[in-house]
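Only heavy atoms go into these numbers, but all of them, side chains included; no hydrogens, no water, no symmetry mates. This chain uses plain numbering: 1 for the first residue, then up along the sequence.
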Amino acid sequence: MRYRTRVTAPAALLGTVAALTEAAPAHADPETGTPGPETLGDPVFPGLGNDGYRVCAYDLDLAYDATTRLVDATATLTITTTQELSRLSLDALGLDVHEVLLDGVPAVREQAGAKLRITPAAPLAARTTATVTVTYTADPRSAVTPTAWVPTPDGFAVCPQPDAAHTVFPCNDHPSDKADISCRITVPAGLKGVASGRLVSTEDLGDGRTAYRYQSREPIATEVVQITVGDYVIKERQGPHGLPLRDVVPAARAAALEPALALTPNLVSWIEQRLGAFPFETYGLLPCNNDASNAFDFTGLETQTLTLYKPNFLLQAERSIGSHMMHELVHSYFGNSVSPATWSDLWLNEGHADFYGLLYRYERGWADSLGLTTMEARMKDTYARGDQWRRTSGPVAAPNAADLFDSQRYLGGVLVLYALRRQVGETVFAAIESTFLERFRNASASTDDYIAVASEVSGADQSGFLGDWLYGTKTPRMPGHPDWTVTPASSALRRPQNRTDGHWHDNSATL
């Protein structure tokens, strides 16, 4: 069998998961229930997420009206409480909420900033399951900030990362609370609706509209959900070991984009040799806007099973796009299958994606943006910048919201992995990678989790070594390269920014 079954949560969470399955009364003592905290305490985005419950599943039902360009939607969340709750909240912003039901009964609701507060008729008991249904209307052209909507001439796509999924659907918007997602998208004639996961049904509604239902086989973090509507052609092909590949392509540009789309099977083969079997049920690309204009100002985003791309980028030659396509593919492993426990752990996603993207480039002898053709040369150049990046962007694993997507999380993260590989050797490094991916598959993992795996697999405590590389204010010595030097930091140099017009750039475009 190519695909493995879904695994349990990390060991640290097993006690909580077991406790949540115990039978409990539907409601708590009115005097003991307390409001759920309206944060999960993320160090970068402290306003994201809500505590007191975990989401088991989202069932989304969206209908797009091509005339009004509005989306009428219902989001049904299956949640499990972790405490007695007199009130709970969802992340929700810019949504015109019409009704909230709790286990089918209307509930009192209040919009407080980006939080939708829901008060049940009686407090919910701890360790019980409940269903929250929110009916609402959304406008993909809304000017709300942040926004995940990417309006296009014939519909929309979504770009939720890092903190904007809740502008598309009410949710617990944090990568530590992954959930199963199903999505029904109803569209008028001439358009298609597509979402993360596999297509499980298509229904002709008899009024010129068609409803498409998608289901995720594995849980998804809200920040990498994809939902899109447009005049698309669905291109299907077979990947390695029978992996179904599907690209969702603007009909007017399908022929021009085919050379880039045809690269995917070989990309998957290459990464599977290094990281193991592809972790999801399908993969493909979504160059979402259907004309020559740019509907968004970033290169790519790793929405699960369907990577969002700027179409014009994919019109370039293979040597110009191949390493970036590998970068986005690697996110299926680091970022999607294993999500960051907090946004401080972003380097695990971006450092790994750039690491393998660069390896792929240099194997082929393609010069990078600096004209360099080997990993060693690129890392020597990056090493020289280390103290400056630590001064302007902070340590690799200690970002803030302003510098979260700076080069320090990308190439700075690559430098950490390169140093670790030199410290333990290539064979042990490969074992660290595979162990980490297997242990935290379909879950979230922290920087401490990665350090623990590195120590366990290498047979030596790596906390001091990796701690210096990840949290130090000075760049440590590179193992095996005592001749490498660091350029003194200067306060006159600016932090390398990767954000433009409200959308996050993928810094791997500079690979």
Worksheet entry | Residue of the set Thr307, Thr305, Asp247 for which side chain to side chain donor-acceptor pair (under 3.5 Å) holds with Tyr283 | Thr307
Once you round to the nearest 0.5 Å, how far does [atom1] of [X] lie from [atom2] of [Y]?
| X | Y | atom1 | atom2 | result |
| --- | --- | --- | --- | --- |
| Thr74 | Glu99 | OG1 | CD | 9.0 Å |
| Glu328 | Leu285 | CD | CG | 9.5 Å |
| Ser407 | Arg409 | OG | CZ | 9.5 Å |
| Ser339 | Gln304 | OG | CD | 7.0 Å |
| Ser216 | Lys178 | OG | NZ | 10.5 Å |
| Asn349 | Asn336 | CG | CG | 8.0 Å |

With a 3.5 Å cut-off and sequence neighbours excluded, list the donor-acceptor pairs that the side chains of residues 37-50 form with protein atoms.
residue, atom, partner, partner atom, Å
Glu38, OE1, Arg117, NH2, 3.3
Glu38, OE2, Arg117, NE, 2.8
Thr39, OG1, Gly41, N, 2.8
Thr39, OG1, Pro46, O, 2.4
Asp42, OD1, Val44, N, 2.8
Asp42, OD1, Phe45, N, 2.9
Asp42, OD2, His174, NE2, 2.7
Asp42, OD2, Trp343, N, 2.9
Asn50, OD1, Ser89, OG, 2.6
Asn50, OD1, Lys115, NZ, 3.2
Asn50, ND2, Ser89, O, 3.4
Asn50, ND2, Asp91, OD2, 3.3
Asn50, ND2, Asn172, OD1, 3.2

Item to complete: Mind checking ring pair (Phe, Tyr, Trp, His ring centres under 6.0 Å) for Tyr214 and listing every partner two or more places apart, or none if nothing turns up?
Response: none
Would you call [X] and [Y] a side-chain contact if the rule is heavy atoms closer than 4.5 Å?
| X | Y | result |
| --- | --- | --- |
| Cys159 | Leu308 | yes |
| Leu257 | Leu315 | yes |
| Leu286 | Val194 | no |
| Thr133 | Val100 | no |
| Pro123 | Glu84 | no |
| Cys183 | Ile185 | yes |
| Val97 | Val134 | yes |

Return yes if some donor-acceptor pair links the side-chain N/O of [X] with the main-chain N/O of [Y] below 3.5 Å, else return no.
| X | Y | answer |
| --- | --- | --- |
| Thr167 | Ala164 | yes |
| Ser393 | Asp403 | no |
| Arg441 | Ser337 | no |
| Asp204 | Thr210 | no |
| Ser196 | Gln226 | yes |
| Thr152 | Gly155 | yes |
| Gln111 | Gly113 | yes |

Discussion item. Between Arg213 and Asp59, does any side-chain N to carboxylate O distance fall below 4.0 Å?
Written reply: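 Counted as a salt bridge, because a side-chain N and a carboxylate O are separated by less than 4.0 Å.
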Do [X] and [Y] pair up side chain to side chain, a donor and an acceptor below 3.5 Å, judged on atom types alone?
| X | Y | value |
| --- | --- | --- |
| Asp345 | Thr447 | yes |
| Thr34 | Gln83 | yes |
| Glu302 | Gln161 | yes |
| Arg217 | Asn442 | no |

Discussion item. Just to verify, what does Ala452 make a side-chain contact (heavy atoms from CB on, under 4.5 Å) with, not counting sequence neighbours?
Written reply: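 Counting only residues at least two positions away or on another chain, Ala452 forms no side-chain contact (heavy atoms from CB on, under 4.5 Å).
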Worksheet item: What do the steps show when you test Asp139 against Val71 for side chain to side chain contact (heavy atoms under 4.5 Å, CB included), and what is the final call?
Response: CA-CA 6 Å; Asp139 185 350; Val71 176; over 6 Å; no
Worksheet item: Please, which pairs that meet ring-ring contact (aromatic ring centres under 6.0 Å, His included) have at least one residue in residues 64-107, sequence neighbours excluded?
Response: Tyr64-Phe156
Worksheet item: Taking only residues at least two apart or on different chains, which pairs with a member in residues 99-129 satisfy ring-ring contact (aromatic ring centres under 6.0 Å, His included)?
Response: none
Worksheet item: Do Tyr309 and His324 make the cut of ring centroids closer than 6.0 angstrom?
Response: yes
Worksheet item: Would you say the ring centroid of His327 lies under 6.0 angstrom from that of Phe334?
Response: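 Not under 6.0 Å, so no.
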Worksheet item: Does the pair Phe405 and Leu346 meet the rule for a side chain to side chain contact (heavy atoms under 4.5 Å, CB included), with working shown?
Response: CA-CA 8 Å; Phe405 287 86; Leu346 181 74; 3.9 Å; yes
Discussion item. Among Leu116, Ile79, Thr81, Asp51, exactly one meets side chain to side chain contact (heavy atoms under 4.5 Å, CB included) together with Leu88. Which residue is that?
Written reply: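 So the option named by the test is Ile79.
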Discussion item. Test: salt bridge (Lys or Arg N to Asp or Glu O under 4.0 Å). Region: residues 186-199. Which pairs qualify, not counting sequence neighbours?
Written reply: none
